[in-house]
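Each remark here refers to the structure printed beneath this line.
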Amino acid sequence: MSRARVLSTAGLNSIIAVHLRHGQLIDAVGLFRDNPHHLDTKSWNLILSGYARSGCIECAQKWFDEMPHKDVVSWNTMMACFKRAGDSLNAFRQFLEIVRSGLRPTGSTLATVITASVPGSAMLPQLHAIAIRMAFASNTFVGTALIGGYASLKDPTSFRRVFDEIRVKNLVSWTALIIGYMELGSVVEARQAFKTMPERNVVAWTAMINGYIDNDSLDDAKRCFDQMPEKNVVAWTSMIKGYERGGQFAEALNLFIEMHRCCSIKPNQFTYSATLSVCARCCSFVAGRSVHALLLKSGLPLDMILSSSLVDMYGRCGDIDSAVQVFESMKVHNLVSWNSMIGCYARHGLSKRALEGFKRMKEEGVQPDHVTFICILTACVHGGLVEEGERYFQSMHREFEIEPRMEHYGCMVDLLGRAGQLDEAERLIKGMPLEPDMVIWGALIGGCRLHSSLEYGLSAVESIQRLEKDHPAIYSMMLRVYGDRGNWNKVDELKEIMEKVGVRRKQQGTSWVESPLIVQR
DNA sequence: GTAGGGTTAG
C-alpha cells in the first residue's frame with residue numbers, strides 16, 4: 001500500500017531508516033528496490049549500514065561495490081563494518097582508499113580507523129598526527145577513540161592529554177577516561193575522574209564496577225553496584241561475572257535470584273550464559289538445572305552461546321546425557337560448542353567418544369583450535385591412549401597449523417609419564433621451544449612417583465628449584481619418591497630442609513562439601 | 001560513528 005505511493009526521496013529515506021531501526025532489513029531493501037527513481041546516496045548508505053549492522057560483510061561489500069556514487073559516509077560505513085568483524089587490516093585499507101581517492105576524511109573516519117587498529121598498535125601516534133593535522137584532535141569522537149588507543153598502549157600521560165584537549169567532553173569521553181585508568185590499574189585516578197564528571201549514567205557506573213572487578217576489588221565493585229541510582233541488565237550481569245571471577249559462586253547465584261525477584265529487570269541472554277557459567281564453575285547441578293528451567297520459561301531463543309553454556313554446565317555437573325541432549329538439539333555447532341562437548345567426554349574419561357566427536361567436528365567443517373587439542377589430549381591421558389595422543393599432538397602443527405602451547409606439552413608429559421615412558425617425557429621437555437613451567441615438571445614428577453623413578457624425578461626437582469624455590473609440591477612429591485625407594489636418609493634430609501624453610505607438607509585444599517554452594521533463601 | 005554485559009582448557 002504505502003509502498004506503491006510515490007514518495008519524495010527524503011520521505012523514502014526516513015521510512016527506510018524506520019525499518020532499519022526495527023531490524024527490518026528485508027523491508028528496507030524492498031522499499032529501496034520499489035522506488036528506483038527516488039534514491040540518492042543517502043538511501044544507498046542507509047541500506048549499506050543495515051547490511052553492516054547485520055554483520056554480513058559479504059552483503060555489505062557487494063552493496064558497496066554496486067553503489068553508483070560513494071561519498072565519505074559510504075566509505076566510513078564500510079570501514080566500520082570491517083572493524084566490527086575484527087578485520088582491522090581491511091578497515092585500515094579502507095581508510096587508505098579514502099585518503100587516496102581524495103575524499104576528505106571526517107571525524108568519524110578517524111575515530112573508526114583509530115578504534116579499528118589493533119590494541120597496542122604502533123600505528124596510533126601516526127593516526128593521532130593525522131588527526132592533529134586535519135584539526136580533529138579536539139573532536140569529541142576522535143578524542144574519545146584516542147583515549148582508548150593510548151590506554152591500549154599503556155600510556156596514561158597521552159590519554160590524559162588527549163582527554164584534556166577534547167573541546168566538548170561528553171559522558172562517553174569521561175567514561176573512556178575511566179576505563180583507560182582502570183585498565184592500567186590506576187583505580188585512584190579512575191575514581192577521581194568518576195567523581196569529577198559532571199553527570200553519570202548507567203554506563204559510567206558499570207565502567208566503575210567492571211574496573212573494580214578487573215582490579216580485584218570486588219568489595220568496591222559491590223559498593224558501587226549498591227549505590228547505583230538505577231541498575232540495568234548490564235550492571236547486574238557485570239556484577240554476577242565479578243563474583244564468578246572472584247570465585248564467590250554462591251554470591252553470584254544469589255545475585256541472579258535477587259535479580260529475578262526484582263521484576264522490573266529481566267535477565268537476558270548475557271545474564272543467563274554468565275549464570276550458567278557460574279553453575280558450571282561450582283559444579284552445582286541443582287542450580288544449573290533451575291537456571292536452565294528459568295531460561296526455557298523466559299522464552300529467550302537459545303542461541304549458540306547459550307546452548308554451549310548449557311552443554312558445558314551439564315558436562316561439568318556430571319550429567320552427560322543432558323549435555324548430549326542439548327548439543328544434539330542444536331541446529332549448527334561452532335568451535336566452542338564442539339569444545340564444550342568434547343571437553344565433557346574427556347573429563348569423564350569417555351576417550352573414545354571424545355575422539356569420535358573430534359572426527360565429527362571435522363566432518364562438519366569446524367576447524368579445531370588449541371582448546372580442542374587440550375580436550376583431545378586430556379581424553380588420551382584419561383584413556384591411557386599413548387599412541388593416539390602422540391599422533392594428535394603431531395597433527396596439531398602438521399595438519400592444523402596450531403603451535404602446541406605449554407598446556408599441550410603438559411598433557412603429553414602427563415600421558416607419557418603415566419605410561420612409564422619417562423625418558424620420552426624428558427626428551428619432549430628438553431626439546432620444547434618454550435621454557436617448561438611448574439606444571440610440566442609437576443607432570444613429570446607425577447609420572448616418576450607413579451613408577452618410582454628417582455633419576456628423572458631428581459632432574460625435574462632441580463629444574464623446579466631453578467624456577468621457583470620451595471614449591472610445596474616438589475617436596476611432597478620427592479618425599480614420596482624417596483620413600484618408595486626406601487631412601488630414608490634422603491627423606492630425613494628433605495624433611496629437615498622443609499622444616500627450615502617452613503614449607504607446609506601439603507598445600508591447603510578446599511572441600512566442595514563444606515563450601516556454601518547451596519543457594520540460600 | 002565514540003563508552004558498559006555472554007560460551008570452551010588449565
Side-chain angles (χ1 to χ4, degrees), chain A residues 49 52-53 72-73 76-77 79-81 83-84 106-116 139-149 151 166 169-180 182 197 200-211 213 231-242 244 267-278 280 300 302-313 315-316 333-344 346-347 368-379 405-408 410-411 414 437 439 443:
Chain A
S49 72
R53 255 177 303 191
V72 68
V73 178
N76 287 352
T77 310
M79 180 169 59
C81 184
K83 188 198 97 173
R84 262 180 59 120
T106 62
S108 44
T109 312
L110 275 155
T112 308
V113 73
I114 288 166
T115 46
N139 175 294
T140 311
F141 293 163
V142 176
T144 305
L146 283 169
I147 294 172
I166 298 175
K169 302 170 186 46
N170 62 12
L171 266 166
V172 184
S173 342
W174 279 98
T175 310
L177 184 71
I178 290 171
I179 292 167
M182 283 296 198
M197 64 195 290
R200 295 166 198 89
N201 64 358
V202 204
V203 181
W205 281 93
T206 312
M208 286 301 287
I209 293 174
N210 288 323
I213 290 169
K231 304 171 181 54
N232 65 3
V233 62
V234 180
W236 282 91
T237 308
S238 281
M239 201 58 228
I240 291 173
K241 283 299 289 178
E244 184 197 2
N268 62 10
Q269 280 99 329
F270 290 72
T271 326
Y272 274 106
S273 48
T275 310
L276 285 168
S277 160
V278 173
L300 287 166
L302 280 187
D303 64 16
M304 184 74 85
I305 292 180
L306 275 172
S307 305
S308 304
S309 313
L310 283 168
V311 172
D312 181 57
M313 183 276 292
R316 280 174 189 274
H333 303 125
N334 71 356
L335 177 65
V336 177
S337 46
W338 268 115
N339 285 351
S340 305
M341 194 64 251
I342 295 173
C344 164
R347 246 193 315 273
D369 69 348
H370 71 282
V371 178
T372 319
F373 277 100
I374 291 171
C375 300
I376 288 296
L377 295 176
T378 308
R405 301 187 185 182
M406 197 71 89
E407 297 90 328
H408 302 105
C411 289
D414 200 6
D437 67 355
V439 181

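Here the structure is a predicted model, which is why all the values come from computation and not from measurement. Protein chains get the first letters and strands the later ones, always in sequence-line order, with residue 1 at the start of each.
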At under 4.0 Å between heavy atoms, what does [X] touch on the DNA or RNA strands: base, sugar-phosphate, or nothing?
X	result
A:Ala80	sugar-phosphate
A:Val233	base
A:Asn76	nothing
A:Arg347	sugar-phosphate
A:Ser238	sugar-phosphate
A:Asp369	nothing
A:Ser309	sugar-phosphate
A:Val142	nothing
A:Thr378	sugar-phosphate
A:Asn334	nothing
A:Leu306	base
A:Lys83	sugar-phosphate

Original post:
A:Phe141: what forms a ring pair (Phe, Tyr, Trp, His ring centres under 6.0 Å) with it, not counting sequence neighbours?
Top reply: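 Ring pair (Phe, Tyr, Trp, His ring centres under 6.0 Å) list for A:Phe141, sorted by chain: empty.
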Original post:
ring pair (Phe, Tyr, Trp, His ring centres under 6.0 Å) with A:Trp205: which residues, sequence neighbours excluded?
Top reply: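 A:Phe194.
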Original post:
Can you pull the contact range of chain A along DNA chain B, 5' to 3', using atoms under 4.0 angstrom from its heavy atoms?
Top reply: B:dG1 to B:dG10
Original post:
Is A:Pro368 close to A:Phe373 at the side-chain level, that is, under 4.5 Å between some pair of heavy atoms?
Top reply: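 A:Phe373 vs A:Pro368: side chains touch.
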**OP:** Calculate, to the nearest 0.5 Å, the distance between atoms CG and OG belonging to A:Leu146 and A:Ser173 respectively.
**Re:**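 Reported to 0.5 Å precision, the distance equals 11.5 Å.
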Subject >> Gap between atom CG of A:Leu306 and atom CG of A:Leu300 - 0.5 Å precision >> reply: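 CG of A:Leu306 is found 7.0 Å from CG of A:Leu300.
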**OP:** For A:Asn232 and A:Ala235, indicate whether the former's side chain and the latter's backbone hold a donor-acceptor pair under 3.5 Å.
**Re:** yes
Subject >> Identified side chain to side chain contact (heavy atoms under 4.5 Å, CB included) counterpart of A:Met239 within the set A:Ile209, A:Val234, A:Asn210 >> reply: A:Ile209
